[in-house]
Amino acid sequence: MLATVAGVLTAPPLAAATPDITVGTTTHQTVDGFGAATPIFSGSSAQWTTAEAQTLTGTGPGQLGLSIVRTVVSPEQSEWSWPVASLKAAEAAGSDVKILASPWTAPASFKTNNNRVGGGKLRTDYYDDYAAHLNSYVQYMKAQGVTIDVTSIQNEPDWHPDYDSMDWSGTELATFARNNGAAVKDTKLLTAESLRFNRAYTDPTLQDATARNNIGYVGGHLYDAENSGNLSPYPLATQYGKNQWMTEWNLHEADGNGAAIWGDPANAAVWNETLDRIMLSVHKSMDAGWSAYIWWYGRRFYSFVGDGESQYGTVKGAVLKRGHAFAQYSRYVRPGDQRVGLSKGSRASGLDVTAYRGRGKVTLVILNRSGNAVDDAVVQVPQGVSAAQYVVTSQNQAAASQPVSVSGGQATVDVPARSISTLVLTEGSGPTPSPTTPGPTTSATPSPSVTPTPTASSSPTTGACRVTSSVNAWNNGLVNSLTITNTGKAALSGWSLRFALGSGQTITSGWGATFSPTTGTVTATNVAYNASLPPGGSTTIGYQATHTGNGAAPTAFALNGAACS
């Protein structure tokens, strides 16, 4: 038997089902966010447009919710202005967006090879000049209205290609952090962004008390990190309270021979790489206790929004399937949420799941990389649930809302094969429906975008009946529970309640009554189990509806033709 609460199917609290996933209370890392980089080596004309920045960092419908944006500290001050407009747009569009600035090299004159490219070390007599260079960048951006939250000392100190690069050892990085780190103001330093998250580049800084106190984060990249054993917990960083950031990875082996596959949302090769390689790496990073995951370019044919490169078939600025998949983390797991422990039963043993708690919510991201669906998967959380939403991305779906049923501290969902899905459970005690209340005639689909917000109730005060209306509305839908009380002296044997829906509202499902018509002035007629209403007796019915901007409660209630006044 089902009723609805806040836009989701809700079962009465009868016997609890055996959970497939049980969320515990053990706490792990605090999440700093999920992100991507702006163009690094391109001029201002190639940077994100305002619309692209809004798509990437906004949290509304069709947006991806990135909360970290990575940019470059160019060695040339004349190039610092390139990403300013993009960064300002990203900070304005998103919620709690952090900016990470990474230098690929110091100015050529500071280096042993007197060149921007091909590695070369920072000369020891220029350590103070390099600190001043980084500080000047942060202050320049501050004057432009851009906050640089985190500044890296060096991108990939262990990689010396024929483009901007600079070589460091772990000991040299620790020396710079100890002696010069405090000179970089109004930002937190990050070290060391090595190619494989090689801890030889971060351990010396962590082991030096002064150097350690001058940095805020340790970071690294995922290139071959798993094979080298570095995609794993980092006890030394945890010991000293330094959150770990994965600051770059880039993979697009599914290119083939340049076929226009990336613009095809149903392409199997692209989806398999996204789910089995990229999304699995996000899961493993979170499971390892890392606090941030930052992909390479946010706009590229193999990334989150297309770049319009005709060879690969994407539309510039249009969200790609990889973007929808990544948003299963970035849009719903927000900065400040804390990962919590969980356990899995046998039916869920093949699922890769992480859970997070914060903002009065429990959020689970579920990867099902197998070819088998897990239907009626029961998720148990330690507290009651007042609202829920469930969103799925697969080869054939993109951020699609799916039904979820809730009872007490349990939620039940269908996990499709070869999918990534997110379940968001709002903590609290929802209304308890009658165990005999029949379910809605049509399955309801919750909105994926905004947690329902209660609107005002309407409560007629006197007369032969009283009706209380409790509406939970979101951007284009609502759920309303109506409690009808017989305040007269005679019992009712059969009843009908007439009321006026708000303009633009259409009932899509209901329970406890039959509803006709579905718009305008509606009549709700009893069903068999609640036909009798004795004096002082009451019954609760309800419905789910869509709306076009008006989420108001209904008006003009009349029971059996008599106004409820």
Side-chain angles (χ1 to χ4, degrees), residues 29-40 44 47-73 80-102 137-152 186-190 193 216-217 219 243-249 282 285-286 290-300 303-305 317 319 322-324 326-338 356 358-359 361 363 399 422 449-451:
Q29 80 272 24
T30 298
V31 173
D32 291 316
F34 302 86
T38 64
I40 299 298
S44 57
Q47 298 294 312
W48 295 348
T49 66
T50 296
E52 289 165 350
Q54 291 170 342
T55 296
L56 287 161
T57 64
T59 55
Q63 298 176 330
L64 304 184
L66 303 186
S67 49
I68 301 177
V69 176
R70 186 177 184 228
T71 191
V72 62
V73 182
W80 287 358
S81 64
W82 286 357
V84 167
S86 298
L87 299 178
K88 291 177 72 172
E91 288 184 320
S95 173
D96 301 321
V97 171
K98 294 181 177 68
I99 306 297
L100 163 65
S102 297
Y137 172 86
V138 174
Q139 302 312 317
Y140 168 84
M141 284 295 183
K142 185 177 180 180
Q144 306 308 307
V146 176
T147 299
I148 303 298
D149 301 275
V150 183
T151 303
S152 172
D186 302 321
T187 190
K188 292 184 178 181
L189 290 181
L190 179 145
E193 295 200 86
Y217 304 91
N243 284 4
Q244 300 130 68
W245 284 24
M246 199 299 288
T247 58
E248 183 185 315
W249 195 37
V282 183
S285 297
M286 295 295 104
W290 301 359
S291 293
Y293 185 107
I294 306 168
W295 178 249
W296 182 229
Y297 280 179
R299 185 194 66 211
R300 199 72 172 97
S303 288
F304 300 157
V305 301
V319 178
R322 187 163 288 182
H324 286 301
F326 193 76
Q328 300 280 163
Y329 287 98
S330 58
R331 186 172 168 187
Y332 301 103
V333 182
R334 302 303 300 170
D337 288 358
Q338 192 168 31
Y356 310 83
R359 302 165 293 121
K361 304 175 187 293
T363 302
T422 306
S449 55
V450 182
T451 301

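Only a predicted model underlies this, so the values are computations on that prediction, with no experimental measurement involved. Residue indices begin at 1 and follow the sequence shown. Only heavy atoms go into these numbers, but all of them, side chains included; no hydrogens, no water, no symmetry mates.
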For Thr363, give me all partners under side-chain hydrogen bond (donor to acceptor under 3.5 Å, both in side chains), at least two apart in sequence or on another chain. none
Going by heavy atoms in the side chains, are Phe326 and Leu64 under 4.5 Å from each other? no
Does some side-chain heavy atom of Met141 sit less than 4.5 Å from a side-chain heavy atom of Val84? yes
Taking side-chain hydrogen bond (donor to acceptor under 3.5 Å, both in side chains) as the definition, give me every residue that meets it alongside Gln29, ordered by chain and number, with sequence neighbours left out. Arg339
Please name all residues satisfying salt bridge (charged side-chain N to carboxylate O under 4.0 Å, His left out) with Asp337, sequence neighbours left out, ordered by chain then number. Arg359
So, using side chain to side chain contact (heavy atoms under 4.5 Å, CB included) as the criterion, who are the partners of Val72 when residues are at least two apart? Ile40, Trp104
Hits for side chain to side chain contact (heavy atoms under 4.5 Å, CB included) against Thr49, two or more places apart or cross-chain, chain-then-number order -> Ala51, Glu52, Lys316
Which residues share a side-chain hydrogen bond (donor to acceptor under 3.5 Å, both in side chains) with Thr71, sequence neighbours left out: Thr38
So, using salt bridge (charged side-chain N to carboxylate O under 4.0 Å, His left out) as the criterion, who are the partners of Asp186 when residues are at least two apart? Lys142
Residues that Arg300 engages under salt bridge (charged side-chain N to carboxylate O under 4.0 Å, His left out), provided they are two or more places apart: Asp307, Glu309
Is the backbone of Gly219 close enough, under 3.5 Å, to the side chain of Thr247 for a donor and an acceptor to pair up by distance? no
Phe34 and Tyr329 aromatic centres sub-6.0 Å: yes
Is there side-chain contact between Tyr332 and Tyr356, with heavy atoms separated by less than 4.5 Å? no
Kindly assign one of parallel, tilted or perpendicular to the pair Trp295 and Trp249, based on the angle between their ring planes and the thresholds 30° and 60°. perpendicular
Under the ring-ring contact (aromatic ring centres under 6.0 Å, His included) test, residues paired with Trp290 that sit two or more places apart: Phe197
For Ser67, what residues pass the side-chain hydrogen bond (donor to acceptor under 3.5 Å, both in side chains) criterion, not counting sequence neighbours? none
Could I get the full list of salt bridge (charged side-chain N to carboxylate O under 4.0 Å, His left out) partners for Glu193, not counting sequence neighbours? Arg70
Please identify each residue that fulfils ring-ring contact (aromatic ring centres under 6.0 Å, His included) with Trp80, with sequence neighbours left out. His133, Tyr137, Tyr140
